[in-house]
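Reviewing the structure listed below.
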Amino acid sequence: MNQKCFIFDLDGVIVDTAKYHFLAWQKLAQQLGIDFTPEHNEQLKGVSRVRSLDIILSLGNFEASQEDKNKWLVQKNEDYLSYLVNMDESEILPGVIPVLAFLKEKNQKIVLGSASKNAKPILEKAKIIDFFDAVVDGNDVSNAKPDPEVFLQGAKKVNFPPEKCIVFEDSVAGIQAANIGGMTSVGIGDEAVLNEADYVFPDFTHIDLNFIENLVNK
Ligand code: B16
Ligand code: MG
């Protein structure tokens, strides 16, 4: 039986939590008098919480103590979690469930590889945690994407070599991480932005199950 390991990023691939990250960061930016737009928010996709704060502070040429930064990181996460309180399976991006169900039916390994420290509660709220054979998230890794650590840890958890892994990612850093890790990369989003990926689709509704089957048998 052909078996591969399919690794999914979370935000921007399975669910669109970027909009909630934006609202929470925007609230903090306003409080600090920093102009923070949806365009700026693009720079935060796939980036860790700590690094995201540094990017926002640099937008406003803002110097801050570590103590203040720690306080703001807690505040931002509390605000972010408050937006997730009512989250449910309706937040799953179109076309994702048929792909997960197909992979499950074909006995493929399914792994989550996300920078988010909130990944597990999000998968639970979306009622899809049972699809996953392993979850690696921001609590497990010390090196952020484009370092391949998150994906390599995921592959190791299910005992698969990188060359048998396929990564679905919406961020440039995530595609680079998959490539550096020696995995097949599938970009979800704009082809012009994700041009380093082996394959790119605008979203999962554009992914034919034959494409997935070909990856399984490659
Ligand atoms: P948290 P992903 C990333 O998730 C988000 O894209 C990024 O915007 C966020 O800052 C990061 O998770 C950390 O999230 O604050 O929940 O720990 O795309 O890697 O699934
Ligand atoms: Mg992402």
Side-chain angles (χ1 to χ4, degrees), residues 6-29 36-59 69-85 87 91-93 96 110-126 128-129 132 134-154 167-178 181 183 185-190 193-194 196-197 200-204:
F6 290 81
I7 306 180
F8 292 78
D9 175 51
L10 181 62
D11 180 24
V13 170
I14 293 181
V15 288
D16 178 19
T17 39
K19 56 180 187 266
Y20 302 127
H21 281 296
F22 175 67
L23 291 172
W25 283 128
Q26 196 186 40
K27 188 175 161 203
L28 177 67
F36 180 64
T37 64
E39 288 69 38
H40 292 139
N41 195 50
E42 288 298 307
Q43 296 176 38
L44 308 187
K45 284 191 177 171
V47 172
S48 74
R49 199 182 306 167
V50 170
R51 176 86 191 105
S52 298
L53 177 61
D54 284 339
I55 292 172
I56 290 171
L57 294 177
S58 70
L59 287 171
K69 285 191 196 180
N70 292 344
K71 188 179 71 190
W72 296 333
L73 287 169
V74 171
Q75 179 198 314
K76 183 269 169 180
N77 197 51
E78 282 172 358
D79 286 332
Y80 173 63
L81 292 177
S82 75
Y83 294 119
L84 297 184
V85 166
M87 187 182 184
E91 304 257 355
I92 298 170
L93 289 167
V96 170
I110 305 178
V111 170
L112 190 90
S114 165
S116 174
K117 293 187 170 179
N118 298 302
K120 278 192 186 137
I122 291 173
L123 291 178
E124 274 160 9
K125 279 173 180 289
I128 49 172
I129 194 144
F132 291 86
V135 173
V136 181
D137 64 19
N139 299 295
D140 305 306
V141 295
S142 30
N143 300 301
K145 302 166 189 174
D147 190 289
E149 185 185 3
V150 65
F151 298 142
L152 293 176
Q153 271 200 35
V167 173
F168 295 96
E169 251 294 347
D170 70 313
S171 73
V172 174
I175 292 295
Q176 290 169 340
M183 301 177 174
S185 54
V186 183
I188 303 295
D190 187 341
V193 177
L194 303 174
E196 291 174 57
V200 184
F201 297 93
D203 59 53
F204 273 85

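All values below were derived from every heavy atom in this structure, side-chain atoms included, with hydrogens, water molecules and symmetry-related copies excluded. Computed from a prediction, not measured in an experiment: that's the story for all the values here. Atoms within a ligand are numbered from 1 in the order they appear, just like the ligands themselves.
A distance of 9.5 Å separates CG in Leu23 from CG in Asp79, rounded to the nearest 0.5 Å. For the atom pair Glu169 CD and Asp11 CG, the distance stands at 9.5 Å (nearest 0.5 Å). From Asp170, atom CG reaches atom CZ of Phe8 across 13.0 Å, with rounding to the nearest 0.5 Å. One finds the CD1 atom of Ile56 at 11.0 Å from the CZ atom of Arg51 (value rounded to the nearest 0.5 Å). Note that the CG atom of Leu112 and the CD1 atom of Ile14 stand 5.5 Å from one another [nearest 0.5 Å].
Taking atom 4 (O) of ligand 1 as the reference point, the nearest protein heavy-atom neighbour is Asp11 CB, 3.5 Å. At the top of the distance list for atom 15 (O) of ligand 1, counting protein heavy atoms only, stands Arg49 NE, 2.7 Å.
Checked by distance only, ligand 1 and Lys145 come closer than 3.5 Å through their nitrogen or oxygen atoms. Here's the thing with Ser114: one of its N/O atoms is less than 3.5 angstrom from an N/O atom of ligand 1. For Leu10, a nitrogen or oxygen atom sits less than 3.5 Å from a nitrogen or oxygen atom of ligand 1, counting backbone and side chain alike. At least one N/O-N/O distance between Ser116 and ligand 1 falls below 3.5 Å. Checking only distances, Asp9 does come within under 3.5 Å of ligand 1, N or O to N or O. Residue Asn77 has no nitrogen or oxygen atom sitting less than 3.5 Å from a nitrogen or oxygen atom of ligand 1, judged on distance alone.
Between Val15 and Met87, the shortest heavy-atom contact is CG1-CE, 3.7 Å. Contact detail for Leu44 and Phe36: the closest heavy-atom pair is CD1-CZ, 3.6 Å. Summarising the geometry of Ser52 relative to Val47, their closest heavy-atom pair is OG-O, 3.5 Å, with the distance given to 0.1 Å.
Proximity of Ile128 to Val96: side-chain heavy atoms (C-beta onward) are nowhere separated by under 4.5 Å. Side chains of Leu10 and Leu123 form a contact here, defined as non-hydrogen atoms less than 4.5 Å apart. Side chains of Phe151 and Lys145 form a contact here, defined as non-hydrogen atoms less than 4.5 Å apart. Between Lys19 and Asn41, the closest side-chain pair of non-hydrogen atoms is not below 4.5 Å.
Applying side-chain hydrogen bond (donor to acceptor under 3.5 Å, both in side chains) to Tyr80 and the options Arg49, His21, Gln75 leaves one that passes, His21.
If you look at Ala115 next to ligand 1, the close heavy atoms, those under 4.0 Å, come from the backbone and the side chain alike. Residue-level proximity to ligand 1 for Leu44 is carried by the backbone, the only part with a heavy atom below 4.0 angstrom.
Closest to atom 9 (C) of ligand 1 by heavy atom, among Val47, Ile55, Leu81, is Val47.
Below the 2.8 Å limit, the Mg ion (ligand 2) has as protein N, O or S neighbours Asp9 OD2, Asp11 O, Asp170 OD1.
Taking every heavy atom of Gly46 and a limit of under 4.0 angstrom, the matching atoms of ligand 1 come to 5 (C), 6 (O), 7 (C), 8 (O), 18 (O). Atoms of ligand 1 lying under 4.0 Å from at least one heavy atom of Ser52, given by number and element, are 10 (O). When each atom of ligand 1 is checked for a heavy atom of Lys117 under 4.0 Å away, the hits are 1 (P), 16 (O), 17 (O). Ligand 1 places these atoms under 4.0 Å from at least one heavy atom of Asn118: 1 (P), 16 (O).
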